[in-house]
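Have a look at the structure below before the remarks.
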Amino acid sequence: MSKPELSGKKGRCIVCGEVAEGDLCFKHERALEELRSKYTSWKAAFGYNVQEYLMALQKRKETGEWTKELIAYIVANKRFEMLT
Amino acid sequence: MHEGHVLVIAEKRDAAKRIAQALGGRYVERRIGSVPYYETTWMGKRMYVAPARGHLYGLDSDVKDRSLFPVLDVEWVPLSEVKKEDRDISAHVNAMRVLGEGASDIIIACDYDIEGETIGYNIVKYLGLIRGEVKRAKFSTLTTQELRESFASLLVRKEWRMAMAGRARHFVDYIWGISLSRMVSSMAAQVKRATLSIGRVQGPTLVELMNRESEIRSFVPEPYWQVKALIEVNGQEVEMEGPRLYTAEDAEKAKAIKGKEGVVTEFKEQEVSLQPPPPFNLSDLQREAYRIYGIQPWSALRVLEGLYLRALISYPRTSSQKLPPSINYRRIISGLSSMYQREAGMLTRDKPVEGSEDDPAHPAIYPTGEVAKLFGEEYKLYDLVARRFLATFSKDAEVTRRALKVNVEGLDFSANGQNVIERGWLEIYRFRSIEERPVPSAKEGDVALVKDVSVDLSYTRPPARYTPSTILDWMEKNELGTKATRADIIETLYKRGYIADRNIKVTGLGMAVARFFANSRVITLNMTRTLERDLEGIEVGNVSPEKVLMESVKVLMQEVGEGGSRDELLSLYSAYLKEPVKVRGLSIGKCPVCGKGELIVRRSMAGKRYLKCNSCGASAPLPSKGRLVSAKAICPHCGWPMVRRGGWVFCPNLNCPGKKAGVLSAGK
């Protein structure tokens, strides 16, 4: 039988502050992957740059809430390079 | 007790009463303490038919310290020793003991499945009743005829494979449930003490729900333009669907095809016979009940069990889609004809249409032919079973299907249509419909003229949320749980607050627990499925119970040793605790006691209404009748939000100083 040990602190997500392996927790890491992979279709459709792409996504009701949280962070901190 | 009597062990009281009535025609109800039993005579023998109350024995452990895990030291004990609410089980155990003394024969007449077999086996084992042969009654309905036939040809239990499989399943579920729950609870206790329960099958199910939740919450839509056109072919207009376009430039070009001519590239027409659907097994019936009436799978099962106990339908916990001739089709149809006269007159087949799935223990669910006045969900589900049964004896539906393809300026358009020629079984099983849509007849090379065109900008959508019905399907496809337990597992996830809503959302708490399991290298879907197959293997004699138990203990020890992802669990659990309290039910206003929660109108089990704060638990009684709404005013004496019922506005606070002063209510 065992009792659990106390946890050691790991990295924190730059968006929400939850435990993260790298800079992002699993939620926002996944949202970032999605953002990166879908950009090409928006660029092909409307010729948007990254900033325009993110602003358009913020307005869409289909966009997931974790993605919107990440977009808010990127826009507020001007971290557009995260998508490249 | 009379020496030489026969003890018949039934699973529930209603079943015991029916068995006694069926065997002897008349019976006498007697009691041992608070427990009734039924005395009757069958083939010259005195029979005591005694009801269990489901399981009388369950697993328990002496290791009560909740911080200790894994828990492997468990034993079967009367359930009255495990849970306070099962105290009256001891009366049932005592009654069985008394009735078992001096019995010349023991007959187990519990439901013929793993659980029923385990219930019966545990009773005879722990009361020392396996003195000689133990007999088993096998039946699928509680009708007089079938019960009599079953008791006239009793099976003899020598091997107890079904019971062994049931006991092994209980053991595995218990040690996994208690150990994993203690492990995650102990981890979470570093943030706040709470019991986070999770089980062997619940874990992977919750992970699947979380995966879908993650997909939805991280979704990024993609734009596209959907082209549709109204096209005239051979003088007849038809709405046709065109391609999806992915650039604004292509979309503009597509708009220009209005008024242009194209050509028919393909036309197909075929007559199709649609066979009636097979008779229901439990999963199919739960799915249809949810699709048609929105009845939750676990509620459907409860209602079906009630119908079975009233001998109106056969045993519902079955995987079979087959109806053997031994159930006597003619007798059932004749019995149903008083209620389904028109439908019974439309039957054309001698044998029913059957599906591929089978179950060694029971046939598909069918109506017994006995009818009764039913209401609400009972009626709805009975009607589904009866119509589906009748439909399997009726004609195929005949449909003409047409598929038309047209190309205009390089863009492909298509339209599919169908036309019902003969409704056949659709007349009886009216819960399926075929949407008729006319498509003109054509041949390859015919000219097509675009009368109108629409090019609409759309966006891809996130995947649909699971519903209780679709997650049940997923569990079945992935062989998680059994037909009898799947619905209960989903209900448990709701009760524990891990999931919410009809279109299932995973809560913050559910997310914390699910992530813990998602990170596990030991508890995988594959491992759970293998264990499930091994448990089934015990029943058919392919695997020994000892091997399965040892294997499952080994895997559990491995999981406990790995310890899972503790930091993420703690982080998500902390975040969940900070989430605002969700308001469920009618809120009257902010709670003046804690200032955080809302005062929600609730109803007790006894039907009385009261207000309860969803944060601190402060409560106050309310009138039981009448429509209550917030009066949108604060009591000037105590600060509680006022409640309105019709023209009466009052303060719900029992200790309101205004009440002491005789100011009971304010007028309009």
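All chains are named by letter (A, B, ...) in the order of the sequence lines, taking the proteins before the strands, and each is independently numbered beginning at 1.
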Choice from B:Arg461, B:Met511, B:Glu215 maximising heavy atom contacts with chain A below 4.5 Å: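 Sorted descending by pairs with chain A, the first entry is B:Glu215.
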Which residues pass the side-chain hydrogen bond (donor to acceptor under 3.5 Å, both in side chains) test with B:Glu213, not counting sequence neighbours? B:Arg217, B:Arg465
Are A:Tyr39 and A:Tyr53 an aromatic pair by the rule of ring centers under 6.0 Å?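 That pair passes the under 6.0 Å test.
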Please find out if less than 6.0 Å separates the ring center of B:Trp225 from that of A:Phe46.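 Yes, the ring of B:Trp225 comes within the 6.0 Å limit of the ring of A:Phe46, centre to centre.
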For chain B, find which of A:Glu65, A:Lys61, A:Lys27, A:Glu18 contributes the most heavy-atom pairs closer than 4.5 angstrom. A:Glu65
Return the option, out of A:Cys16, A:Gly17, A:Ser37, A:Ala44, with the maximum number of heavy-atom pairs under 4.5 Å with chain B.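 Looking at each of A:Cys16, A:Gly17, A:Ser37, A:Ala44 in turn, A:Ala44 comes out on top.
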Is it the side chain or the backbone of [X] that comes within 4.5 Å of chain A heavy atoms, both, or neither?
| X | value |
| --- | --- |
| B:Leu457 | side chain |
| B:Glu249 | neither |
| B:Ser179 | neither |

Salt bridge or not for B:Lys253 and B:Glu409, using N-O below 4.0 Å? no
Regarding A:Glu33 and A:Arg30, does a basic nitrogen lie under 4.0 Å from an acidic carboxylate oxygen?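 Salt bridge: no.
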Chain B neighbours within residues 74-82 of chain A, where any heavy atom lies under 4.5 Å away: none
Which answer fits A:Leu35, side chain, backbone, both or neither, if we ask what part of it has an atom under 4.5 Å from a heavy atom of chain B?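 Looking at A:Leu35, backbone and side chain both touch chain B.
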B:Glu208 versus B:Tyr466, side-chain donor and acceptor atoms under 3.5 Å: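 Present: a donor and an acceptor within the cut-off.
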Start with the C-alpha distance between A:Phe26 and A:Cys13, add both sets of side-chain angles, then the distance that settles side chain to side chain contact (heavy atoms under 4.5 Å, CB included), and finish with yes or no. CA-CA 9 Å; A:Phe26 79 96; A:Cys13 175; over 6 Å; no
Between B:Trp474 (side chain) and B:Leu209 (backbone), is there a donor-acceptor pair under 3.5 Å?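 No; zero donor-acceptor contacts below 3.5 Å.
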Between the side chain of B:Ser185 and the main-chain N/O of B:Leu196, is any donor-acceptor distance below 3.5 Å? yes
